[in-house]
Amino acid sequence: MNERKKILEVNDLQTTFFTDSGNVPAVDHIEFHLRDGEILGIVGESGCGKSVTSLSVMGLVPSPPGKITGGEIVYNGRNLIGLSEKEMRQIRGNDIAMIFQEPMTSLNPLFTIGNQMVEAILLHEKGWSKKKAEVRAIEMLKLVGLPRADALLKDYPHQLSGGMRQRVMIAMALVCNPRILIADEPTTALDVTIQAQILKLMRDLNDRLGTAILLITHDLGVVAETCERVIVMYAGQIIEEAPTKLIFEDPQHPYTKGLIQSVPDMRIKKDRLHSIPGNVPKPGSVKSGCRFAARCEFAFDRCFQENPELYETADVHQTRCFLYDEGRVKSDGHKAFIES
Amino acid sequence: MATKPLLKVENLKKYFPVKKGMFGKTVGHVKAVDDVSFFVNEGETLGIVGESGCGKSTTGRVLMRLLEPTDGKIEFDGKDLASLSQEEMRKTRRDIQMVFQDPYASLNPRHTIGKILEEPLIVHGLSDPKERKKKVREFLEIVGLNAYHAKRYPHQFSGGQRQRIGIARALMTNPKLIIADEPVSALDVSIQAQVLNLMQDLQKEFNLTYIFIAHDLGVVRHISDRVAVMYLGKMVEVADSEQLYEKPLHPYTQALLSAVPVPDPDFQKEQIIIEGDIPNPADPPTGCTFHTRCPFKMDICTKVAPHLSEQTNGHSVACHLYTTQVDNDIKQLEGSL
Amino acid sequence: ACGGNGSSGSSKDTLVFGRGGDSTSLDPSRVTEGETFKVTVNLFETLLNFGEQDTTIQPGLAKEWDTSDDGLTYTFKLEEGVKFHDDTDFNAEAVVKNFERWANGNADMFPYYDTMFGGFKGDEGHVIDSVTADGDYTVIIKLKRPQAPFLKNIAMSMFAIASPTAFEKGDDQFERNPVGTGPFKFVDWKTNDSITIEKFDGYWQKGLPKLDKIIFRSIPDNSARLNALIAGEIDLADGINPADGEKIEGNADLQLIERPSMNVGYLGLTVTRPPFDKKEVRQAINHAIDKQTIIDSFFEGRADIAKNPMPSSISGYNDDIKGYDYNPEKAKELLAKAGYPDGFKMELWAMPVPRPYMPDGAKVAEVIQSNLADIGVKAEIVSYEWGTYLDKASKGEADAFMLGWTGDNGDADNFLYALLDEDNIGSNNYTYFKNAKMHDLFIEAQTEVDEDKRIELYKKAQEIIHEEAPWVPLAHSTPLLAAAKDLTGFVPHPTGSDLLSNVEFK
Amino acid sequence: MLNYTGRRLLQLVPVLLGMVFIVFMMIRAIPGNPAQIILGQQATPEAIAAMNARLGLDQPWYIQFFKYLGGILQGDLGESMRTRLPVADEIWPHLAATMELAFFAMIIAIIVGVNAGIISAWFQNSWFDYIAMILALVGVSMPIFWLGLLGQWAFAIEFSWLPTTGREQVRDPVHAITHLYIIDTIIQGRFDQLWQVIRHLILPGLALATIPMAIIARMTRSSMLEVMRSDYIRTARAKGQKMFWVVYKHAFKNAVIPVLTIIGLQTGMLLGGAILTETIFAWPGIGRYIYDAINFRDYPVIQSGILVVAFIFVMINLIVDLLYGLIDSRIKYD
Amino acid sequence: MSELTPKMDGIVEAEIERTTGPWREAWRSFRKSKVAVAGMIIILFFVLLAIFGPLIAKEGINEQMAADRLQPPSSEYWLGTDDFGRDILSRIIHGARISLSVGFLSVIASVVVGSFLGIVAGYYGRWTDTIISRTFDIMLAFPSILLAIAIVSVLGPGLENALIAIAIINVPNFGRLIRSKVLSIKEDEYIMAAKAIGMKDARILFSHILPNSMAPVIVQGTLAVATAILEAAALGFLGLGAQAPQPEWGKMLADSKSYLQSAPWTMIFPGLSIMLTVLGFNLMGDGLRDALDPKMKN
Ligand SMILES: Nc1ncnc2c1ncn2[C@@H]1O[C@H](COP(=O)(O)OP(=O)(O)OP(=O)(O)O)[C@@H](O)[C@H]1O
Ligand SMILES: Nc1ncnc2c1ncn2[C@@H]1O[C@H](COP(=O)(O)OP(=O)(O)OP(=O)(O)O)[C@@H](O)[C@H]1O
Ligand SMILES: [Mg+2]
Ligand SMILES: [Mg+2]
């Protein structure tokens, strides 16, 4: 698996929102990579910077007030930061495509499905006729499992159900065979039965087309069922990264651990749920120390003073926690943690 | 666990007229709740699950007569709520309270927390201001906030905190029954767990009865003693939660359960992916409303709507697969043709 | 200014006359309002004309006329060879038909006929007994009783002779398609915008008119009208603010033209409303008002101080009367005598619209207000929109109101009787002033044919009016017009209806 | 849609009826007798009485009302008391004059306003945005009669660039066919006159356009800003679409509905509310026509004039509503 | 229940600076907008002028000095004199009081009446709604200036009547605004919550619906003050508003129209005063909208 080429590398990315009430480092020194054909998940609670990360990759951070303030995003050996808008447009849709959380609002309500799909095709297939583009659109709609694909081209988004719209979004994203598909919470707004359909579709497409998928979600269940590798974000930072299996079997960061235990399991009835006290902090609201320290039961002094780095605890496993600092000073917190 | 039903609902219906034209002619109905019957025992939690638009919230609201029921009987604590006058109903509401889904929309942004919590007391005639203030402080602490929060405004709290305030408000009048409409759906997982735990603690402490509406099957299983599954305004299955999750009978319930992603990469489940979307409730399919998506569809399903009938002890299901009366119904149908 | 008027060289045969409002009709007999006559005086002619700049009687369509000694029979000899614009002949029969048309109408149709000749056929007060043709070119008019200003009345532009073939088609048609014998004929009317008339080639007076075309344009706003003149879009502008007079005089491209004054602007005191029921109060007000300042500031000096209710140009004017002088002290004394040593409160009604006799009523009112304040009278300025103003004032609801009058035919009767006699309470006598002696004088004068005797009667009446002081006569203003420098031959007429046949561009 | 239009027209009936009634009662509450005013200071009481009789003003109000209503229902707008012409005949040239002016003004306002709004939203917080929006604010804060007079002074008098008043070169009048002079001159092939007509339109047109332009610019901007935040704009950009097309195709079409509403309302408002501009520029329009009629208590003209203006106003809004449906297929007319 | 409370406070406190109500919150974001503050300063300037100006204004407004007619601005008459020889600065200062009172009073009147009708229509619905809404439709179909003229014609010209006319023509705007706001708030979950605790209709109306529908009314109200001042000036210009010698700005403009070329200061300064005041209200209205209407916040 590791032999697969890294097609996207994000190094030390920082994206900041310059708002009236101060600067919000929504993405705070993030570092990760995506390999060809893999499904990488990003999980985290609301506001932790998942969407901003993905928008940064696409060069679509709303500006003002947002701005990429540091780092690099290397796609295919090319740093996307600093590319002109024109060069960036070539990449969007063609090399990296994206779908969004709200299928209800992600399609332009005033244009037909056909119009929007053809637009996407013609943008990158210069010289194609409209007819040809339409044929391709129908082909793609069939690929994502939509019945009556040709009739659908004349429909407006509101005539479709949520699940169908999300399929159209996927079809539209894949129309130019992108190498990477970024899916920002693609199923959150959907009912479970529909979510199951869409996730299955994405796995199938990943299999068949080899498109790498960056799947953003807050649902650990979705991660467990879909992703090969997971990044856990908290308050603008990556706090843990590992293959899916490892994250669930051996979560290292106290937050990841707490998160997994917080989820009520449908299979077994627990008397009481584990819960992480306190609130999810907004990025930038914790000025010093580990972002999670205030909620962490194992926190010790150092946690409140310094921000830990990502420590590599295993070949494929990284954690941002002093408990895994190689040169760590033994502490009560650590002991308690290890014992727990 | 007591077994006396606190709430008994029979043949409850709520149709929303679909209006058209200048004179608002009614051209049809959305059968948001269609002939639903169930009961809730004192001290237990009844979970209601179902996908979006299946009528969960409407059920909750009709029970409190925030929406007038189209038909049916709601027996609460020996009284038929459906037949009370507006004023009597208003007074009865102190015994039934609600917690809402959206922690951002359910608190008046222009009132302080203190005022929000005090209001139920004022409304129900607890008029000593001092005592009211005291009670507000007390309940703030009970739901895990601080007394000094009373002076603050909703926007100064996070979603989880607001939901606690919403719960505190529901508790102020010492209700017997709390209808919680998706109280944790809008919350982050780590916060959701806090609120669920809080609700369980409160149930024990105040001997509350809950109707817990949610679409997250995990959450429902966790909190409920019994679970009812709704589909398109109808109740398709009701059972003890153990029973329902271990041995779902209705094909829809089965599909639903299998569709829920489990946060365990090793867990191998049998996936039943049902095709298609939820039909339009204004124009539901004939017969069994689920037949358009059902993998086990039979001829009869398109023609006759199944009734909820008890299969095993306390486990009822509305599906022709389990109906002993199928034959009768078919006969009936043939007779009518 | 170049203003784009170089479009064609022929423009100099066309006069554009800018004015404040549009005509309501082009049948002069049917209306009372001046904007109509401005046009119709050029389309139609009357049996007799007024003098160029006065109201003396001159030949018109009738070249000669003759009055019987008893003043009851008038014989008119008509011009021959005159044609209407529709190429029909003008003759005695046409005149008779015109008179018949009017006499058979009613007050609604021919309001001026009603006022001037005392009603219609069959009415008690109807003065005209018969109008007959004697041959083709002689018309004989017989009266039931003498009417002193009869000839002047006949000369008023509302009694213009129209083509019978035209008005027999129906009044509605005729009002929009007037046919007369005048120097110009009607071409086009764009409501509220412009009326175009052009040279009538068959006009009977040789060499006239000099212009090819006249366009009457309505530009309601005074400043805008002046702007249009400066920009060269119009050649002649009516209703110039006195304030702009100096500026126009200073503009080398323009000329300022003064219209001879035949009007009066006054402050009426409603004698039925205390404290104006007291003569001393009315006299006090007369003394209190500084007419000179008013004239200097808001007529820019282009007006005469008024002491009588009519201008001096009108025969019968009593110049022996010494006007009330500006004397606040005396005014206070009079007030004290009347029992108001500390003054009183009153409403002062200010005219909401400019009129030639009162270019800016509101501003004059402000001066009067401050004059009155000096003698302890607190005046509150009130204004209604014009229609309401007239209506309410005529009902006697005003304490003191500003108003004025422009003479129709230059006869004293048209001022004194019309404005101050008890017969006209409820119409033009807004002060509700009543004086039996004066009434007798007026009635006598109306039928008195001897001009000298008439003059005496009116002089006496003015004495009474002066003493009783129902008005504060303020000013006889000189209305202003302005024109392009190269315009000549324009002779403004005191009645406000200007014949333009002699106008040309140099 | 036809059905819907029919129903909307039907719904207009009570509104227009209510309007007729209110106007009818209101103008009769205005003190002042029409006969007196029309006949002027010189009128005798007999003349006034005769005129009252002719105009039917001596009858009880409800008889007058039902007579008028009966006339309206038969398409008869009555006859002007003052000029004795059928209001229907008289009103059209005035309406045409105002329509020409209002449409001209609206076209300027739309072209400038919409684009300024779009560009301001596109480059939010840029200099262009700031300046355009400040200008727009100054625009809505301007007493237009003041602006009109200043404009007349500057452009017509000082620089002599434009004519001061009126609709046409008076010395070379347009032969009116439709009374919309732009059309008339084109029909007659008089392009020299067309040019003059347009020159005459510019000053009053600009004066009249100022406020709608400013309002449209502001509305477009805020509507665009809202749309620009939406998901489908992100989708369009994620496809790699050019910003220009994202803005002008995807965003504008979605932002246009509130702008259209404003355009409809403003057009309607200009049609009846341009009295001051019409006065200053001696524009023989409908606002001035009705205003004069109020001064003359010309009841039929006031009634029918307001009715016609209101009718056009609601029709414009109806058309705007129907346009919504063309733009947005989600809006269904049933 | 130990886990419910611990450690939370530190975070909570960090997030919440001070105890702030929604109004104060709005004020804070209002203060951040430069244009809005500029607008407020302009208004404040004129308000202070209206209150204290007459005390310091050099001369009375009605002192006529025939000798000093139409003087250009000078050290003696900063803004020159008008055709009565009155000091224009003094008149503008006094005029501020008139224009502002007309603006405020007419808007307050229309807000009160409009809110009442809007609430009744929105909350009770059915036939009351039909009647009220239809009446609003009818009023809105009138060209507003014509309606104002007609109303003033009925009542007679004058400042008070102009004020009433302006108030009347604005009623349907506020009525509709409130009605739609009430309709949408009625569906809000906290109204449902209020019903669920057994609250009576009247209380819901006054303690929940009314205060929450006020924000757009305040915004609209501020903007309407601007429009009202312009409308009053227009009526003054037509001679239907303030009466002589009241120094209403619109009337001053109309009175000095003929001096545009010979004495431009007589017309430029009143015009500028109108424009600035109206601009002030518009700026502030915009700022308020951003502050009070979170939907418009970026
Ligand atoms: N347009 C913006 N202006 C200011 N701050 C912003 C903006 N967009 C995002 N942020 C900030 O960036 C942080 C991260 O936002 P982001 O949308 O990436 O969260 P997320 O992880 O996608 O959350 P969710 O699960 O709710 O979608 C948020 O806390 C927010 O405060
Ligand atoms: N006031 C109403 N008028 C008309 N139809 C309504 C109304 N309220 C709800 N409905 C319809 O009734 C059906 C059931 O709605 P309800 O809100 O009860 O669903 P729900 O199960 O709570 O869904 P969700 O999970 O989305 O909250 C839906 O189809 C909805 O469109
Ligand atoms: Mg997100
Ligand atoms: Mg719900």
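All values below come from the heavy atoms of this structure, side chains included, with hydrogens, waters and symmetry mates left out. Per chain, numbering begins at 1; letters A, B, ... match sequence-line order.
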Requested in this report: Return the option, out of E/Leu283, E/Ile138, E/Ile145, with the maximum number of heavy-atom pairs under 4.5 Å with chain D.
Outcome: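 When all of E/Leu283, E/Ile138, E/Ile145 are compared, E/Ile138 has the most.
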**Report entry** Contact winner vs chain D - E/Leu146, E/Leu223, E/Ile274, heavy-atom pairs under 4.5 Å
**Finding:** E/Leu146
Requested in this report: Report, by ascending residue number, the residues of residues 127-135 of chain D in heavy-atom contact with chain E at a distance under 4.5 Å; give 'none' if the set is empty.
Outcome: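 Expected list: D/Ile134.
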Report task. With chain E as the partner chain, list the residues of residues 258-271 of chain D whose heavy atoms fall under 4.5 Å from it, by residue number, and write 'none' if nothing qualifies. Result ->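 Listed by number, there are no contacting residues, so the answer is none.
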Query - Neighbour count >12 (heavy atoms, 6.0 Å) for atom CZ, D/Phe311 - result: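 No, not enclosed.
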Report task. Can you label the angle between the D/Phe24 ring and the D/Trp61 ring as parallel, tilted or perpendicular, going by 30° and 60°? Result ->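 Plane angle between 30° and 60°, so tilted.
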Report task. May I ask you to list the residues in residues 226-234 of chain E that approach chain D closer than 4.5 angstrom, counting heavy atoms only, ordered by number? Result ->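 Against chain D, the residues of residues 226-234 of chain E that fall inside the cut-off (heavy atoms, under 4.5 Å) are E/Leu230, E/Ala233, E/Ala234.
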Query raised in the report: In residues 39-48 of chain E, which residues are in contact with chain D at a heavy-atom separation under 4.5 Å?
Result: none
Check whether [X] gets within reach of chain E through its side chain, its backbone, both or neither, counting any heavy atom under 4.5 Å.
| X | result |
| --- | --- |
| D/Leu149 | both |
| D/Arg28 | neither |
| D/Ile22 | side chain |

Query raised in the report: Quick one: what part of E/Leu279 sits under 4.5 Å from any heavy atom of chain D, side chain, backbone, both or neither?
Result: both
**Report entry** Winner by heavy-atom pair count (cut-off under 4.5 Å) against chain E, out of D/Gly305, D/Gly287, D/Pro143
**Finding:** D/Pro143
Query raised in the report: Is there a donor-acceptor contact under 3.5 Å from the side chain of D/Trp283 to the main chain of D/Ala97?
Result: yes
